[in-house]
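Please read the structure below before turning to the comments.
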Amino acid sequence: MTIRRIVPFGTPVLHARTRPVERFDDELRLLVADMYETMDDAPGAGLAANQVGVDLRVFVYDCGPDARGCLVNPVLERLDGGLQDGGEGCLSAPGLGYPTPRALNVRCSGFDEHGVARVVTASGYLARCFQHEVDHLDGVVYVQRLGGKARRRAERDVVGSAWYQRSTVDF
Ligand code: NI
């Protein structure tokens, strides 16, 4: 297995919608194994495939005991329960973090790396992680979810960071 390079904000693959996985083959399982290793090494609570430059709808997560896994072709549903407050950060925007409102409860349906269907109902931190990762797969980085002053501050911070990849991406 290999630790893959995590691409920073501004890299085009992070800012485009990813493609559904069509084949549950060894190549996919190798990608998932590498993504676990890359996430654990970082370390991080989640990692989307486009963060390692792969244009596919896959993410892995590790939000504590019994909350580690992989979801392929995930579909996210926000459930009743309103919003949660809390901070968020991202391996593609290292060193930064901002309060980011998210739904408290979600359900995420998809498949594991072998093509077996999975449905995970999540609350709190895990629900936040799922929303963050599915946003990645839709080409959205969490700082782009912020509003008002926080958004302006985040934009200044991102553009001023050494890792920022200047590109045609609209913040
Ligand atoms: Ni992220």
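Atoms within each ligand, like the ligands themselves, are counted from 1 in listed order. What you see is a predicted model; the values in this text were computed from it and never measured.
- Between F59 and Y61, the ring-plane angle classifies as tilted under the 30° and 60° cut-offs.
- For the atom pair Y164 OH and D157 CG, the distance stands at 13.0 Å (nearest 0.5 Å).
- Between H15 and F9, the ring centre distance stays below 6.0 Å.
- Between D112 and R29 there is no salt bridge, since no side-chain nitrogen of the basic residue lies less than 4.0 Å from a carboxylate oxygen of the acidic one.
- The tally of protein N/O/S atoms under 2.8 Å from the Ni ion (ligand 1) stands at 3.
- Of the charged side-chain nitrogens involved, none lies within less than 4.0 Å of a carboxylate oxygen, so that E88 and R145 do not count as a salt-bridged pair.
- Note: Q51 CD to L91 CG = 6.0 Å, rounded to the nearest 0.5 Å.
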